[in-house]
Amino acid sequence: MVSRIVVAGGGIAGLSAALLLARQGYAVDLVERDGPPPESLGDIQEWQRPGAPQVRHPHMFLGLFRHLLHTRLPDVHADLLAHGVDEVDNTAPPGAEAPAGATVLASFGSRRATVEWVLHRAVRKQAGIQVHHGLSVREVVADQGRVRGVRVDGEVLEADAVVDATGRRSPLVGAFIKEVEESPCGNVYHSRFYRLMDGVPKPPTFLVPVVFAGGAGFGGGLYAHDNRTFAVVFARLPEDETLGRLRETGAFEAAADAVAQFGPWLQPGSSEPIGDVVPMAGLTNTWRELSPETPDGYLPLGDVLCTTDPILGRGASFALSGAVELSELMGRHKSDLAAVGAGLRAHAEHELRPWYEDGVHDDVERTRSWRATVSGEQEPPAELPLGVLAALAGQQDHRLWELAQLRANLMAAPDSLDTPEVRERLDAVLTSDWEPPVLSPGPTYPELTNALAAYGD
Ligand SMILES: Cc1cc2nc3c(=O)[nH]c(=O)nc-3n(C[C@H](O)[C@H](O)[C@H](O)COP(=O)(O)OP(=O)(O)OC[C@H]3O[C@@H](n4cnc5c(N)ncnc54)[C@H](O)[C@@H]3O)c2cc1C
């Protein structure tokens, strides 16, 4: 019988898995190496999260995340909205009515720490979860092909199953790996958070002129987050030391000033920084395949199994979808932990693997294009990706909009737009007198590097 479960790691996957499992009646020990969040959300910016450094970078939570939160953890979803998170509803194009019964396609931007703060609140209220902060899980203890517990800083915590939610640098998974696929994402992040001054209108959450991306040797955007905060991020090639200066506060601000679209929110009197400029390097697309000898009851989730490029904003959705799947499998298979483990692997293979491959492909293409720009080679005119074109044309043909949004929000497969229906509908729009709106691309690579050079003078 399975009664006691250790959840190692209290990020998105671990917190949501702990909640779902405790609500099914399991006794859960949640072990998190970092300290607890502050009592007050107002102090969230000060929360130290060295175990999950991405907390200091902007996060978009796509439709899949919002859908799973709304349907599986509705109290957490409601609490998030009550604590300053605003959703954007993309079910229908702006100004149009959503058809009756349409799947709600809403998403939101928020500081990761705010989402975790709300999840922690629910965990604290939930009977059956004991949280151990400031402790690191060192090893999974197994015997005769079954998990018996974990070694935590010197002592053994006994358990019938161990959920490994320790993230992309999991210290546990290495013992059970058959094969690892890893490729660099080809970008380094530089981010900074700001708070809007009173009376300044919020930036829209997903607005093309505000978010500029890709194709110009670098990427970036300005993302509205919770409680009148927003984040500015630049992504550059790892080898691009000219843009490496973005790690300096003054250079970062000079670059941000060079993006005219950011002006309304960055001009003096509009906002103030609420943190330092923070880099994040070493980003990889990683896929981990477990060996057949993995003991029953070792249950990896989230970034432990599959890490994808943050630029695509998908990892939190995959972390929550793994936790939801685990909870369903536990409900279905009860004490048959071999079946639960096999089910989790099948879920990863069917639901995550296609997105992992899609991301690896996108990164190869994007890196090639950025390198061509940075080295001054002539670039062929950039074609709009099918998903973007379908979303734009979707303002004319609402079925195209729906299909594009389902894919963009991870609620349809990566190849779901590659169909005769989509091609026919697109052709019909493109051969009408409709012109795609001109996307405002932001500064060119030379304009951005000139802004940095001018700052250094
Ligand atoms: C720069 C950046 C930006 C991103 N932006 C987005 C975005 O916009 N949208 C999106 O969906 N995704 C984004 N992601 C990805 C997303 O953050 C991850 O996919 C997601 O955090 C995975 O959740 P997780 O719970 O598996 O792991 P994590 O969130 O990494 O959580 C792991 C937890 O385990 C703890 N831990 C680690 N080791 C131990 C141990 N030995 N013992 C106990 N605890 C331990 C850590 O402290 C941490 O709390 C981004 C990632 C990066 C790097």
Side-chain angles (χ1 to χ4, degrees), residues 6-18 29-37 47-66 68-69 107-113 115-116 119-120 131-140 150-153 157 162-174 185 187-191 205-206 211 221 223 225 231 233-235 278-286 288 300-323 326 352 355-356 359 409-410:
V6 164
V7 175
I12 302 284
L15 288 164
S16 45
D29 282 292
L30 175 64
V31 186
E32 166 54 48
R33 49 157 280 178
D34 290 346
W47 187 23
Q48 299 304 307
R49 288 288 276 121
Q54 70 270 36
V55 166
R56 295 274 167 254
H57 294 271
H59 269 65
M60 300 309 300
F61 294 84
L62 299 179
L64 177 62
F65 186 94
R66 186 268 175 200
L68 292 174
L69 202 65
S107 55
F108 57 90
S110 174
R111 287 174 295 176
R112 247 287 294 263
V115 174
E116 290 189 351
L119 279 162
H120 271 286
V131 186
H132 311 262
H133 276 290
L135 286 183
S136 287
V137 177
R138 305 289 175 186
E139 189 190 2
V140 175
V150 288
R151 196 172 302 283
V152 179
D153 290 338
L157 212 52
V162 172
V163 175
D164 183 359
T166 54
R168 62 200 195 106
R169 296 219 171 86
S170 166
L172 310 178
V173 72
C185 294
N187 54 47
V188 172
Y189 261 50
H190 297 274
S191 310
T205 300
F206 269 134
V211 177
Y223 296 95
H225 276 12
V233 59
F234 287 98
V278 185
M280 186 135 183
L283 301 167
T284 57
N285 293 295
T286 305
R288 296 191 176 105
L301 291 185
D303 273 11
V304 174
L305 276 182
C306 172
T307 311
T308 51
D309 189 340
I311 237 172
L312 302 166
R314 296 172 177 164
S317 295
F318 296 152
L320 179 55
S321 84
L326 170 66
L352 306 190
W355 287 110
Y356 165 77
N409 284 288
L410 308 176

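Just so you know, ligand 1 is whichever comes first in the structure, and atom 1 is the first atom listed for that ligand. Since we're looking at a predicted model, the values are computed, not measured.
When non-hydrogen atoms are compared, ligand 1 lies under 4.0 Å from the backbone of E32 as well as from its side chain. At a 4.0 Å heavy-atom cut-off, ligand 1 does not touch R168 at all. In R138, neither the side chain nor the backbone holds a heavy atom less than 4.0 Å from any atom of ligand 1. In L172, neither the side chain nor the backbone holds a heavy atom less than 4.0 Å from any atom of ligand 1.
Across all their heavy atoms, G313 and L62 have their closest contact at O-CD1, 3.1 Å. The shortest non-hydrogen separation linking D303 to Q54 is OD2-NE2, 4.5 Å. F61 and S110 get closest at one heavy-atom pair: CE1-O, 3.6 Å.
Taking a cut-off of under 4.0 Å to the non-hydrogen atoms of M280, the atoms of ligand 1 that pass are 53 (C). If you number the atoms of ligand 1 from 1 as listed, the ones under 4.0 Å from a heavy atom of G167 come out as 27 (O), 30 (O), 32 (C). The G51 neighbourhood of ligand 1 comprises atoms 46 (C), 47 (O), 48 (C), with distances under 4.0 Å to a heavy atom of that residue. Remark: ligand 1 atoms within the under-4.0 Å shell around heavy atoms of S136 are 42 (N). Of all atoms in ligand 1, listed by their number and element, those nearer than 4.0 Å to a heavy atom of L283 are 53 (C). Interface of R112 with ligand 1, defined as ligand atoms under 4.0 Å from a residue heavy atom, comprises 17 (O), 20 (C), 21 (O), 29 (O). Every atom of ligand 1 is numbered from 1 in the order shown, and the set under 4.0 Å from a heavy atom of D34 is 47 (O). Distances below 4.0 Å separate heavy atoms of G302 from the following atoms of ligand 1: 26 (O).
Residue V31 holds the heavy atom nearest to atom 43 (C) of ligand 1 of all those in L15, V31, V233. Counting only non-hydrogen atoms, the option in A316, S107, G313, C306 that gets closest to atom 7 (C) of ligand 1 is G313.
The backbone N or O of I12 lies less than 3.5 Å from a partner atom in the side chain of S16, making a donor-acceptor pair. Distance alone, capped at 3.5 Å, places no donor-acceptor pair between the N187 side chain and the Y189 backbone.
Ligand 1 has a nitrogen or oxygen under 3.5 angstrom from a nitrogen or oxygen of Q54. Not a single N or O atom of H57, backbone or side chain, sits closer than 3.5 Å to an N or O atom of ligand 1. Backbone and side-chain nitrogen or oxygen atoms of A13 are examined, and one is located within less than 3.5 angstrom of a nitrogen or oxygen of ligand 1. Distances between N or O atoms of Y189 and those of ligand 1 include no value under 3.5 Å.
Contact between P58 and ligand 1 is present, with at least one heavy atom of the residue lying under 4.0 Å from the ligand. Residue contacts with ligand 1: T308 is excluded, as none of its non-hydrogen atoms falls under 4.0 Å. Not close to ligand 1: A8, with no non-hydrogen atom less than 4.0 angstrom away.
Just one residue in the list H132, R138, R33 forms a side-chain hydrogen bond (donor to acceptor under 3.5 Å, both in side chains) with D153, and that residue is R138.
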### Task
Go through the steps for T308 and N285 under the test side-chain hydrogen bond (donor to acceptor under 3.5 Å, both in side chains), then give the verdict.
CA-CA 5 Å; T308 51; N285 293 295; 5.6 Å; no

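Remark: R49 engages E32 in a salt bridge, criterion side-chain N to carboxylate O under 4.0 Å.
Aromatic pair H190/F234: ring centres not closer than 6.0 Å.
A165 O, 3.3 Å is the protein heavy atom nearest to atom 32 (C) of ligand 1. For atom 8 (O) of ligand 1, the closest non-hydrogen atom of the protein is M60 N, 2.8 Å. Counting only heavy atoms of the protein, atom 51 (C) of ligand 1 lies nearest to P310 CB, 3.6 Å. Of all protein heavy atoms, the one lying nearest to atom 23 (O) of ligand 1 is A319 CB, 3.7 Å. Nearest non-hydrogen protein atom to atom 15 (C) of ligand 1 is G315 CA, 4.0 Å. Ranking protein heavy atoms by distance to atom 26 (O) of ligand 1, first place goes to D303 N, 2.9 Å. Atom 40 (C) of ligand 1 has as its closest protein heavy atom V137 N, 3.7 Å. For atom 44 (N) of ligand 1, the closest non-hydrogen atom of the protein is R33 N, 3.2 Å.
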